[in-house]
Amino acid sequence: MSDQKPNAGYYPAPDGSGQNWYWDGERWIDPAQTQPAMAGNAPEPERPWFKKKRIVIPGALVALIIFGAALSGGEGDADSPAASSTPAATETADAETVVAEEPEPEPEAEAEPEESMTAGQRNAVSSAEDYLRFTAFSRSGLITQLEFEGYTTEDATFAVDHLQPDWNEQAAKSAQEYLDFTSFSRVGLIEQLQFDGFSPEEATYGVDQAGL
């Protein structure tokens with residue numbers, strides 16, 4: 001059996017009283033008798049592990065509770081009415097912007113008043129249309145024909161300029177009418193059209209269209 005003595009410290013009393021006595025390495029010391037003298041020298045009994053952690057464990061629980069509350073608060077903010085209403089507010093603002101950017105409709109152009117004509121001008125226009133439906137004319141030839149019918153030079157000129165027929169087309173039509181009636185050389189038909197009042201360019205165009 002070993003003779004090694006226990007280290008200094010508090011142990012159950014050897015008298016079986018249930019108290020802790022202090023063992024200084026050599027002998028037992030009754031705390032009731034020596035506590036005033038040893039109060040400043042005796043080491044403080046070591047605290048059991050479960051008592052040391054009684055503060056750490058509640059602290060960890062508090063930290064977990066705070067962390068869980070933060071997570072719950074974040075999810076609540078994401079689902080809050082204020083957050084869900086943000087897209088609707090943005091769409092409303094966009095719609096207002098589109099409405100504001102729509103261009104205003106341009107005012108409709110006022111209809112130009114119909115050209116006023118005198119009775120003589122109106123009749124001259126009607127007569128000129130009848131002649132053009134019947135046969136081809138040059139500008140000067142149609143004015144002369146209206147003057148022959150008794151219209152003033154002013155009314156006849158107004159009527160011809162008002163209708164504004166295509167004089168090249170009239171020259172081509174006149175050249176074809178001459179060829180349907182009789183034979184012409186190219187030069188002779190150009191001269192005939194010029195005699196009727198067509199310009200050299202109009203007469204040449206008409207003969208070209210007739211195939212000469």
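Since we're looking at a predicted model, the values are computed, not measured.
- Hydrophobic clustering (side-chain heavy atoms under 4.5 Å, transitive across Ile, Leu, Val, Met, Phe, Trp, Tyr) keeps W167 apart from Y205.
- The two residues S127 and L146 make their nearest non-hydrogen contact at CB-CD2, 3.8 Å.
- Distance check: L193 CG to S199 OG gives 10.0 Å after rounding to the nearest 0.5 Å.
- No donor-acceptor pair closer than 3.5 Å links the side chain of Y151 to the backbone N or O of Q121.
- To the nearest 0.5 Å, atoms CG (L212) and OH (Y178) are separated by 14.0 Å.
- In this model, a donor atom of one side chain and an acceptor atom of the other lie less than 3.5 Å apart for D180 and Q176.
- With no hydrogens or angles considered, no side-chain donor-acceptor pair links S138 and E202 at under 3.5 Å.
- Between T153 and E147, the side chains place a donor N or O and an acceptor N or O closer than 3.5 Å (distance only, hydrogens not considered).
- At least one donor-acceptor pair closer than 3.5 Å links the side chain of T144 to the backbone N or O of S140.
- F198 and L142 sit in two unconnected hydrophobic clusters of ILVMFWY residues. Membership requires side-chain heavy atoms under 4.5 Å apart, directly or through other members.
- Residues satisfying the side-chain hydrogen bond (donor to acceptor under 3.5 Å, both in side chains) test with T157, not counting sequence neighbours, are none.
- Here the closest non-hydrogen pair linking Q145 and F137 is CB-CE2, 4.1 Å.
- Taking every heavy atom of both residues into account, K173 and L132 meet most closely at NZ-O, 3.7 Å.
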Practice problem: Output, in order, the C-alpha distance, side-chain angles, deciding distance and verdict of side-chain contact (heavy atoms from CB on, under 4.5 Å) for F158 and T118. | Solution: CA-CA 11 Å; F158 173 86; T118 63; over 6 Å; no
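- Side-chain atoms of V125 and E129, non-hydrogen and from C-beta on, do get closer than 4.5 Å to each other.
- Under the 4.5 Å side-chain heavy-atom criterion for Ile, Leu, Val, Met, Phe, Trp and Tyr, I190 and F195 are members of distinct hydrophobic clusters.
- Side-chain contact check for H162 versus M117: some heavy-atom pair is nearer than 4.5 Å.
- Summarising the geometry of G206 relative to A175, their closest heavy-atom pair is O-CB, 3.7 Å, with the distance given to 0.1 Å.
- One side chain, E149 or Y131, offers a donor N or O that lies under 3.5 Å from an acceptor on the other.
- For R122 and D155, the salt-bridge test fails: no basic side-chain N is under 4.0 Å from an acidic carboxylate O.
- The line from OG1 of T135 to CD of Q170 is 8.0 Å long, rounded to the nearest 0.5 Å.
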